[in-house]
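Following: one structure in C-alpha cells, then a few remarks.
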Amino acid sequence: MIESSGHEGGHEAPRGFLRRYVFSTDHKVIGIQYFLTAVVMALVATVLAMLIRVQLAWPEKAVVAPETYVSLVTMHGTLMVFFVVSLALVSGFGNFLIPLHVGARDMAYPFLNMLSFWVIVPGCVLMLASFLVEGGAAAAGWTAYPPLSALGKAVPGSGLGQTLWLLAMALFIASFTMGGLNYVTTIVNCRTRGMSMMRLPLVVWTFLISAVLGLLSFPALTAAAILLLLDRHAGTSFYLPAGLVFGNETLPHQGGTPLLFQHLFWFLGHPEVYVLVLPALGIGFEVIAAFARRPPFGYRLSVYSILVIAVLSMIVWGHHMFVSGMNPYLGKYFSIVTVLITVPFSVLGLNLIASLWRGRIRLDAAMLFALGLVSAIGIGGLGGLYLGTATSDLYFHDSYFVVGHFHFTIGTVTFFGIYAGTYYWFPKMFGRRMDEGLGRVHFWLTVTSLFPMFLLMHYQGLGGLLRRTYDPTVYAYNAAARGLNLSITLLAFGLGAGQIVFLVNLFRSMFAGERTGENPWQATTLEWTTESPAPHGNWRREVPSAHRSPYEYGRNGGAEDFVLQSAEKA
Amino acid sequence: METARPPASASALAAFFVVLAALTALGFAAISWLPVVASEHGPGVDRTIVYILVVTGVLFLVGHAVLAGFVWRYSRGGTPEYRPLSPKVEWSWALLPVLALTVASEVGVLVIGGPAWSQIYGETPAGALEIEVVGKQFEWLVRYPGKDGRFGRTAAELVHDVRNPVGLDKKDPAASDDVVLRGALHLPEGRPVVVRLRSLDVLHSFAIPELRVKQDIVPGHLGRTQFRPVRAGSYELACAELCGLGHYRMSGKVVVEPAPEFERWLREQAGWFE
Ligand code: HEM
Ligand SMILES: [Cu+2]
Ligand SMILES: [Cu+2]
C-alpha cells in the first residue's frame with residue numbers, strides 16, 4: 001500500500017501538449033485514449049456489420065463477392081472482440097477507474113501503461129491496413145482455424161492479410177498483457193489505507209479477475225499464433241497433416257493436426273468471454289447501486305460467484321468442439337461443467353435484480369443501460385444452456401443461434417456496460433455531463449432495434465440457418481428462417497443510426513456539456529471525492545483512506561442519503 | 001418521498017421488459033421451423049431442445065416479471081434503508097437458485113440429452129452400412145465399398161479432380177469396384193449407417209439438418225458418425241464449417257429410400273475403375 005500518505009503524490013503534472021495528452025503516463029489520459037481508439041475501431045467494425053447485413057438481405061444482388069464476405073465476417077468479429085470491446089471496456093474503463101477506485105495516484109507501472117497503449121496503436125493500423133493488401137483481409141473467421149488460416153492456397157484472405165492479422169493480434173496480446181500486469185499489481189499492492197479486499201467496489205473485483213484470466217489464458221493464444229506463423233512461413237507442420245491436396249497437388253506437410261489449434265484457441269477464447277463480460281457486470285453493479293440508492297445485494301455472494309466463474313471458465317473450452325470428433329466421454333465432461341456456469345451467473349443476475357429491491361430508482365441514461373444489461377445477461381446466459389448441452393449443440397453448432405447468443409453476451413452485455421459506464425463516469429473524465437435527453441433517445445433506439453434483432457437470429461438458428469454463409473438461398477430447408485433476413489437487416493440499420501445519437505452526444509458533451517462538481521450522482525466510492533475532471537495524481541490533497549464499505553447508500557434518509565467510503569466512522 | 005405513480009420512463013421500461021419477455025416466449029413457436037426429423041436419434045435431440053426451451057422460458061419470464069415489477073414499484077420514491085445482509089441470510093438466499101439451476105441444467109445434459117448422445121457416439125449397431133464421405137473445397141464425394149464390401153486403398157498423391165477425385169489406388173484389388181459419387185448420398189431406410197469422414201484440404205462439417213447429424217471433418221483424422229435414417233425422402237447435405245469462399249455453396253443431396261430400392265440402386269452403380 002504505497003503512497004497512501006504522500007501529500008502532492010510522487011509526480012508533478014507534466015507540461016506540454018505531447019507529454020500531457022499524447023505520450024502521457026497518466027492512467028486517466030491513457031484510459032480515454034483507449035476509449036477513443038475503440039470508438040474509431042467500432043465505426044469500422046459497424047460499417048462491416050452493415051455490409052454483411054446488406055449482403056444477407058439481398059443475396060441475389062451479390063453486393064459483395066463471396067471471398068469479400070468471408071473477410072467482412074472475419075474482420076467484423078475480430079475488431080469487435082479484440083479492438084472494440086476489449087479496448088473500450090477492459091483497457092479503457094479499467095485504466096481510468098482502478099487507481100481512482102482503490103485510492104492510488106496512478107497505476108503501479110505508469111510507463112508500462114503508456115507502452116501498452118502505444119503498442120496497440122500499430123496493432124490497429126495493421127488490422128486496418130490488411131484490407132488493402134493483395135487477397136484482402138483475413139478470411140478464416142475470427143477463430144482463424146487452420147488449415148484455412150495456414151495456407152495461402154486455401155482462401156484469398158489467407159495471404160498477406162492473414163499474416164497482418166496475426167501480427168496485429170500479437171501486438172494486441174502484448175498490450176493486453178502489460179495492461180493486465182498493471183491491473184493485478186495495482187489492485188493487490190497499491191490500495192489506500194483501509195481498502196481491504198472486501199471493501200473494493202465490485203467493479204474492481206471484476207477487473208482483477210478479468211486481468212488474472214487474461215494473463216492465464218492469453219499465453220495459449222500467443223503460442224497458437226506463433227506456431228501458425230511458423231506453419232505459414234517456415235514450412236513447419238504443427239497444424240498441418242500429411243496428404244493435403246489443393247488443385248491436384250499434394251502439399252509436403254506432415255504430422256500436424258488442426259485440432260491442436262482449436263484447443264489452444266478456445267483455451268483462450270472461452271475465458272476471453274469472461275474477461276469481457278465480467279467488467280460489464282461490475283459496471284452494472286456500480287451504476288445500479290448509485291441509481292437505486294441501495295448497496296448491491298449480496299456483495300460477498302457476488303465476489304464468490306465471480307471467483308467460481310473464473311475457475312469454471314478455465315476448464316470448459318471444449319464445449320466449442322463437441323462436434324469436432326472429440327471422445328464422447330470428454331464431450332460429456334465438458335457439457336456437465338459448462339452448464340454449471342449458469343449457476344454463478346444466475347446468482348450474479350439475481351443479485352443485480354435484487355439490488356433494486358426497496359430502492360429509490362432514478363432512470364437516468366446510465367441506469368437505463370445498466371438495466372438493459374441485466375436483461376441481456378438473462379438472454380445470453382440462458383441461451384448458453386442450448387449450446388452447453390452437447391446433445392442440443394449438435395443441432396445449433398455453427399448456426400445463427402450461436403450468432404444471436406454471442407451477440408447478447410460479448411456484444412450486448414459488454415456494449416451496455418460501456419454505455420452505462422460512459423454516461424456514469426463521463427463527468428469524472430471531462431468535468432461535464434452528457435446530455436440526458438439524447439441519452440434516453442439513444443437508449444430507446446438501441447433497445448427497440450437490438451433486442452429483436454439478435455433474438456430473431458436465435459430463431460433463425462432453430463430453423464437451421466448456418467452462420468458464415470454468403471448466400472443462404474442455396475438451401476431449401478432453411479426457407480422460413482432466412483425469411484427473417486430482411487427484417488433483421490432493417491433493424492440493424494436502425495441500431496446503427498441510434499449509435500450516431502451517442503457519438504453526437506459524446507463529442508458535443510466533451511466541449512459543451514453542462515459542467516459538474518465532484519459528485520454529481522451522490523455516489524459513495526473514492527473517485528467521487530476528487531474534483532471533476534480528476535487532476536494529475538488524482539487528489540490534490542492527501543489520498544483518501546477507506547473507512548467503510550463502498551456502498552453506504554440509504555444511510556440517513558432525506559437528501560444526503562449516502563456516506564462516502566472515505567468518511568471516518570463517528 | 002413516496003409518490004403515487006412512477007414516472008413515465010419507469011412505466012415504459014417495465015412495459016418494455018414485459019413485452020420483450022412475452023415476445024421471446026411467443027418466438028419459441030419457431031420450434032416449428034425445426035426441419036422434419038428423419039433419424040432414429042433425432043427425436044432425442046429435439047426433446048433436449050424442447051426441454052431447454054421450457055426451462056429457460058420459465059426462468060426468463062419469471063426473471064423479467066420480477067425485473068419489470070421492481071423497476072415499476074421502486075421508481076415511486078421512498079426512503080431506502082442501509083441494511084447489509086448477514087452472511088447467513090446471503091447464503092440461504094443463494095441456495096434456491098443454486099439448487100434449481102444445478103438440477104435443471106444437469107437434468108438436461110444427463111437425463112434428457114444423455115440417451116441421444118450415446119446413440120450417436122455409442123457402439124455401432126450390428127448390420128450397419130458403412131460408407132465414406134470425403135469433403136473438399138467445395139464439393140462432397142461419396143464412396144461405397146462396392147460388391148466386395150471393402151474399401152480400397154487411397155492415397156493423396158493419386159487425387160485428381162476429374163480422373164480420381166478421392167485418390168483410389170488402382171493396384172489394390174479392393175479398390176476397383178469402389179463406387180464414387182459426386183454430391184449425392186443414397187441411404188437405406190431403417191438400417192444403421194456408419195459414415196467414415198475424410199477431408200482432402202481444410203475443415204468441413206458434415207451436416208444433415210433433417211437427420212440431426214453434424215460432424216466436423218478434420219484433415220488428417222479419419223472421422224466417423226453414425227445414425228439410422230427412419231423416414232424415406234430427399235434431404236439436404238450442408239457444410240457447416242467455414243471452408244473458404246465457396247463454403248456457402250458446398251451442398252449435397254441425401255436420398256433415403258426403402259431398403260430394396262436402395263439395394264437395386266447400389267447394384268446399378270459401376271465401380272470407379274470398371
Ligand atoms: C452493429 C451491430 C452488429 C451487427 C448488425 C452484427 C451482425 C453480425 C452478423 C450478421 C454476423 C454473422 C455473419 C455470418 O456468420 O455470416 C456477425 C458475426 C460476428 N459478430 Fe457481429 N454484429 C454487430 C455487433 C457486434 C458486436 C458488438 C460484437 C462484439 C463482440 C460482434 C461480434 C461478432 C463476432 C465475434 C462474429 C463472428 C465472426 C465470425 O464468424 O468469425 N458483433 N455479426
Ligand atoms: Cu466458451
Ligand atoms: Cu466445406
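Throughout, protein chains are lettered first and strands after them, A, B, ... in sequence-line order, and every chain is numbered starting at 1.
- Taking the six-membered ring where tryptophan is involved, the planes of B:His64 and B:Phe60 are tilted, since the angle between them lies from 30° to 60°.
- Looking at B:Lys214 and A:Asp393, no side-chain N of the basic residue comes within less than 4.0 Å of a carboxylate O on the acidic one, giving no salt bridge.
- Heavy atoms closer than 4.5 Å to chain A are found in both the backbone and the side chain of B:His160.
- For a residue to count as touching a neighbouring chain, one of its non-hydrogen atoms must lie under 4.5 Å from one of that chain's; by this rule A:Ala150 does not touch chain B.
- When heavy atoms are compared at a cutoff of 4.5 Å, B:Pro87 approaches chain A by way of both its backbone and its side chain.
- Of the listed residues (B:Ala10, B:Ser199, B:Gly113, B:Ser118), the one with the most heavy-atom contacts under 4.5 Å to chain A is B:Gly113.
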Step by step, work out the ring pair (Phe, Tyr, Trp, His ring centres under 6.0 Å) result for A:Phe451 and B:Phe16.
CA-CA 11 Å; A:Phe451 278 78; B:Phe16 173 75; 5.7 Å; yes

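- Counting only heavy atoms from C-beta outward, the side chains of A:Thr473 and A:Arg482 approach each other to under 4.5 Å.
- Heavy atoms of B:Leu53 lying under 4.5 Å from chain A belong to its backbone as well as its side chain.
- Between chain A and the residues B:Ala104, B:Ser9, B:Gly44, B:Pro219, the largest count of heavy-atom pairs under 4.5 Å involves B:Pro219.
- Of the atoms belonging to B:Glu241, heavy atoms from both backbone and side chain fall under 4.5 Å from chain A.
- Of the two parts of B:Ala29, neither the backbone nor the side chain holds a non-hydrogen atom closer than 4.5 Å to a non-hydrogen atom of chain A.
- Residue B:Thr154: no heavy atom, backbone or side chain, is found under 4.5 Å from chain A.
- Side-chain atoms of B:Trp117 and A:Pro328, non-hydrogen and from C-beta on, do get closer than 4.5 Å to each other.
- B:Leu237 touches chain A through its backbone: at least one of N, CA, C or O sits under 4.5 Å from a heavy atom, while the side chain does not.
- Residue contact with chain A, scored on non-hydrogen atoms closer than 4.5 Å, involves the backbone and the side chain of B:Glu90 alike.
- Taking chain B as the reference chain and counting heavy-atom pairs below 4.5 Å, the highest number among A:Leu385, A:Leu456, A:Thr448, A:Val347 is found for A:Leu385.
- A donor-acceptor contact shorter than 3.5 Å links the side chain of A:Thr74 to the backbone of A:Gly141.
- Residues B:Asp216 and A:Ser324 bring no donor and acceptor atom of their side chains to less than 3.5 Å of each other.
- Both the backbone and the side chain of B:Val71 have a heavy atom closer than 4.5 Å to some heavy atom of chain A.
- Comparing B:Arg47, B:Glu106, B:His41 by heavy-atom pairs within less than 4.5 Å of chain A, the highest count is held by B:Glu106.
- Comparing A:Arg468, A:Arg358, A:Met367 by heavy-atom pairs within less than 4.5 Å of chain B, the highest count is held by A:Arg358.
- A cation-pi arrangement is absent between A:Arg362 and A:Phe291 under the rule of less than 6.0 angstrom and at most 45 degrees off the ring axis.
- Residues A:Phe401 and A:Tyr386 bring their aromatic ring centres within 6.0 Å.
- For a residue to count as touching a neighbouring chain, one of its non-hydrogen atoms must lie under 4.5 Å from one of that chain's; by this rule B:Gln215 touches chain A with backbone and side chain alike.
- Of all the listed residues (A:Thr469, A:Leu352, A:Leu244), the one sharing the greatest number of non-hydrogen pairs under 4.5 Å with chain B is A:Leu244.
- For A:Tyr553, the part sitting under 4.5 Å from any heavy atom of chain B is the backbone (N, CA, C, O) and nothing else.
- Heavy-atom distances place the side chain of B:Ile120, and not its backbone, under 4.5 Å from chain A.
- Between B:Trp91 and A:Tyr304, a ring centre-to-centre spacing shorter than 6.0 Å is recorded.
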